[in-house]
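One structure is given here, and the rest of the page talks about it.
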Protein chains: 2
Amino acid sequence: MDGKVTPKRTRIQREKRELIREAALEVFSQYGFRGSTIDQIAEAAGMSKPNLLYYFKNKEEIFATLIQRLLETWLAPLKEMDAEGEPQTEIRSYIRRKIEMARDFPRESRLFANEILQGAPRILPMLEGELKALVDEKAAVIGQWMREGKLKKSDPYHFIFAIWATTQHYADFDVQVRAVLGPVRGGEGRFEDAARFLEGLFLG
Amino acid sequence: MDGKVTPKRTRIQREKRELIREAALEVFSQYGFRGSTIDQIAEAAGMSKPNLLYYFKNKEEIFATLIQRLLETWLAPLKEMDAEGEPQTEIRSYIRRKIEMARDFPRESRLFANEILQGAPRILPMLEGELKALVDEKAAVIGQWMREGKLKKSDPYHFIFAIWATTQHYADFDVQVRAVLGPVRGGEGRFEDAARFLEGLFLG
DNA sequence: TTAACGTTTGTCCAAACGGTCAAATTTTGC
DNA sequence: GCAAAATTTGACCGTTTGGACAAACGTTAA
């Protein structure tokens with residue numbers, strides 16, 4: 001009926017496909033889809049171009065599997081925000097998780113940023129569907145917390161946008177952050193500093 | 001001595017060069033440097049590729065003049081922040097100006113974001129030089145205001161980053177913002193809503 | 001051992017790319 | 001009005017790109 005079956009894969013296929021995804025993430029996150037070439041990705045993966053195309057039909061397909069995986073990673077932290085939890089704690093954890101993602105998965109963040117910058121041609125339906133639904137739900141929770149006086153009153157949607165913007169900034173604009181902070185303050189501690197600052201900003 | 005002279009330009013040259021810059025901004029801000037083609041820009045400018053190359057030596061040069069102009073626009077609002085002014089007023093004006101820029105010059109914002117995402121290959125010296133110096137200066141001012149109790153105490157550098165991140169978010173991630181807000185709340189009023197929210201966040 | 005299957009690569013192709021050039025056309029200054 | 005200068009374009013070039021293909025090489029299991 002479906003016509004679409006999960007293809008059986010050998011051990012080598014699973015490993016090589018993962019290797020290619022890793023290389024593609026590196027390249028795509030820096031140059032965007034149009035700015036990246038299959039040759040670049042193949043070289044980063046340590047294989048020939050035809051060999052890479054043995055594992056992925058074409059450039060689009062590599063990008064597609066990357067985006068698909070990215071979206072799950074991306075929605076997870078917000079999904080975890082628990083309506084039954086302590087508001088301050090929930091927001092604090094959310095900020096922490098997002099800053100950790102900026103620190104540990106900057107390439108994923110940049111890939112996402114690149115896609116949005118270009119008008120989100122491949123993920124617009126998901127933004128208007130799944131993401132909007134999730135944000136609507138969580139914004140309602142946050143709004144309730146605000147009405148209960150557990151959080152300072154403001155617009156829940158823009159509150160969420162502000163957390164996204166500030167946390168992802170440390171991944172997407174990392175070069176600028178380090179340039180401005182200089183070698184001393186721009187070291188590894190910058191993410192911890194950022195986390196503390198943002199907790200104060202959003203919860204203070 | 002200098003060897004570099006401002007070339008004399010005819011009326012047509014001035015007009016056409018401006019036309020090309022406008023078209024190039026449109027294209028580069030969406031696809032980045034590597035992802036954009038001269039043909040795309042030429043078409044957007046309504047002329048043939050050779051004709052475009054009559055006005056600009058090559059792709060790099062178009063991009064360079066765009067970046068150069070962008071940087072001036074970009075630093076202006078922060079420069080205007082006045083150490084002698086009323087702290088609350090100065091911060092509020094700064095946020096307003098930045099939100100207005102996100103609304104009125106989204107392409108410039110995206111061009112900048114694109115450049116930083118790719119590691120700022122063409123403007124890193126400026127970030128480490130001029131920008132760092134400016135931020136150092138203004139962070140000192142903000143730090144003084146905080147010590148005087150005119151602003152809530154926090155880290156002045158991350159305070160500035162947070163203003164950048166949140167305001168530019170409304171230009172760079174506009175597609176996402178509109179997708180999440182939906183057709184009703186995502187209308188023209190979203191920038192005014194954002195401005196009010198951000199004033200509360202940073203000054204409340 | 002060997003046949004079947006999975007993997008890898010050199011070679012090739014057409015389209016797209018950045019850029020050149022000479023010839024044709026238009027504008028300008030006298 | 002006309003010559004010089006400025007502008008525009010079609011045709012072209014070498015390179016890069018995404019992708020196809022068949023032949024060669026490895027692996028596996030009967």
Side-chain angles (χ1 to χ4, degrees), chain A residues 5-68 111 114-115 118 121-122, chain B residues 5-68 111 114-115 118 121-122:
Chain A
V5 198
T6 309
K8 284 178 200 156
R9 302 213 200 276
T10 65
R11 175 184 53 85
I12 291 184
Q13 278 178 0
R14 269 181 275 112
E15 287 173 4
K16 289 294 170 80
R17 281 174 65 96
E18 191 52 40
L19 184 71
I20 291 167
R21 264 191 285 261
E22 162 66 23
L25 176 59
E26 188 72 30
V27 176
F28 279 138
S29 67
Q30 235 185 77
Y31 301 107
F33 183 77
R34 290 212 41 188
S36 305
T37 73
I38 299 184
D39 274 309
Q40 273 180 296
I41 300 171
E43 201 198 321
M47 62 178 69
S48 66
K49 182 170 63 170
N51 196 9
L52 186 151
L53 286 167
Y54 170 72
Y55 292 105
F56 286 93
K57 190 159 86 261
N58 53 34
K59 196 174 151 183
E60 293 270 359
E61 199 189 285
I62 310 172
F63 194 83
T65 75
L66 227 50
I67 284 279
Q68 192 185 343
L111 183 68
N114 243 317
E115 178 67 8
Q118 295 181 13
R122 286 161 254 264
Chain B
V5 199
T6 310
K8 283 178 200 157
R9 303 213 199 277
T10 65
R11 174 185 54 85
I12 291 185
Q13 278 177 0
R14 267 180 277 112
E15 287 173 6
K16 289 294 170 78
R17 281 176 63 97
E18 190 53 40
L19 184 72
I20 291 167
R21 263 191 285 261
E22 161 67 23
L25 176 59
E26 187 72 30
V27 177
F28 279 137
S29 67
Q30 233 185 78
Y31 301 108
F33 183 77
R34 290 212 41 185
S36 304
T37 73
I38 300 184
D39 274 310
Q40 272 180 297
I41 300 170
E43 202 197 320
M47 63 178 69
S48 66
K49 182 170 63 170
N51 196 9
L52 186 151
L53 287 167
Y54 171 72
Y55 291 105
F56 287 91
K57 189 158 87 261
N58 53 34
K59 196 174 151 183
E60 293 269 1
E61 200 188 284
I62 309 173
F63 194 83
T65 76
L66 228 49
I67 284 279
Q68 191 185 344
L111 183 68
N114 243 316
E115 178 68 7
Q118 294 181 15
R122 286 160 254 263

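In what follows, every chain begins at residue 1, and chains take the letters A, B, ... in the order their sequences are listed.
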- Task: Whole angstrom is fine here: how far is it from CG in B:Leu52 over to P in D:dG10?
- Result: 15 Å
- Query: Got a second to check how far A:Glu15's CD is from A:Ile20's CD1, nearest 0.5 Å?
  - Reply: 12.0 Å
- Query: Are OP1 or OP2 of C:dT8 and a side-chain N or O of A:Tyr55 less than 4.0 angstrom apart?
  - Reply: yes
- Return yes if some donor-acceptor pair links the side-chain N/O of B:Glu115 with the main-chain N/O of B:Arg122 below 3.5 Å, else return no. yes
What N/O pairs connect the protein and nucleotides 16-21 of chain C at under 3.5 Å? Give each pair on its own line.
{"residue": "C:dC17", "atom": "OP1", "partner": "A:Arg34", "partner atom": "NH2", "Å": "3.3"}
{"residue": "C:dG18", "atom": "OP1", "partner": "B:Ser36", "partner atom": "O", "Å": "3.3"}
{"residue": "C:dG18", "atom": "OP1", "partner": "B:Lys59", "partner atom": "NZ", "Å": "3.0"}
{"residue": "C:dG18", "atom": "OP2", "partner": "B:Ile38", "partner atom": "N", "Å": "2.9"}
{"residue": "C:dG18", "atom": "N7", "partner": "B:Lys49", "partner atom": "NZ", "Å": "2.8"}
{"residue": "C:dG19", "atom": "OP2", "partner": "B:Lys59", "partner atom": "N", "Å": "3.0"}
{"residue": "C:dG19", "atom": "N7", "partner": "B:Lys49", "partner atom": "NZ", "Å": "3.4"}
{"residue": "C:dG19", "atom": "O6", "partner": "B:Lys49", "partner atom": "NZ", "Å": "3.3"}

- Query: CG of A:Asn51 versus P of D:dG19: gap in Å, rounded?
  - Reply: 16 Å
- Item | Integer-rounded Å distance: C:dT26 C1' and B:Glu15 CD | 15 Å
- Task: Would you list the pairs meeting salt bridge (Lys or Arg N to Asp or Glu O under 4.0 Å) in which at least one residue belongs to residues 40-59 of chain B, sequence neighbours left out?
- Result: B:Asp39-B:Lys49, B:Lys57-B:Glu61
- Message: Can you pull out every salt bridge (Lys or Arg N to Asp or Glu O under 4.0 Å) where at least one residue sits in residues 20-34 of chain A? Sequence neighbours excluded, please.
- Response: A:Glu18-A:Arg21, A:Glu22-A:Arg107, A:Glu26-A:Arg107
- Task: Ignoring backbone atoms, establish whether B:Tyr54 has a side-chain N or O less than 4.0 Å from OP1 or OP2 of D:dT9.
- Result: no
- Message: Against A:Phe63, only a single residue in A:Tyr31, A:Phe33, A:Phe56 fulfils ring-ring contact (aromatic ring centres under 6.0 Å, His included); can you say which?
- Response: A:Phe33
- Task: Ignoring hydrogens and angles, tell me if any N or O in the side chain of B:Arg17 forms a donor-acceptor pair with the backbone of B:Tyr55 under 3.5 Å.
- Result: yes
- Give the rounded distance in Å between these two atoms: CD of B:Glu43 and P of D:dT8. 17 Å
- Message: If you compare every side-chain N and O of B:Gln13 against the phosphate oxygens of D:dT7 (OP1, OP2), does one of them come in below 4.0 Å?
- Response: yes
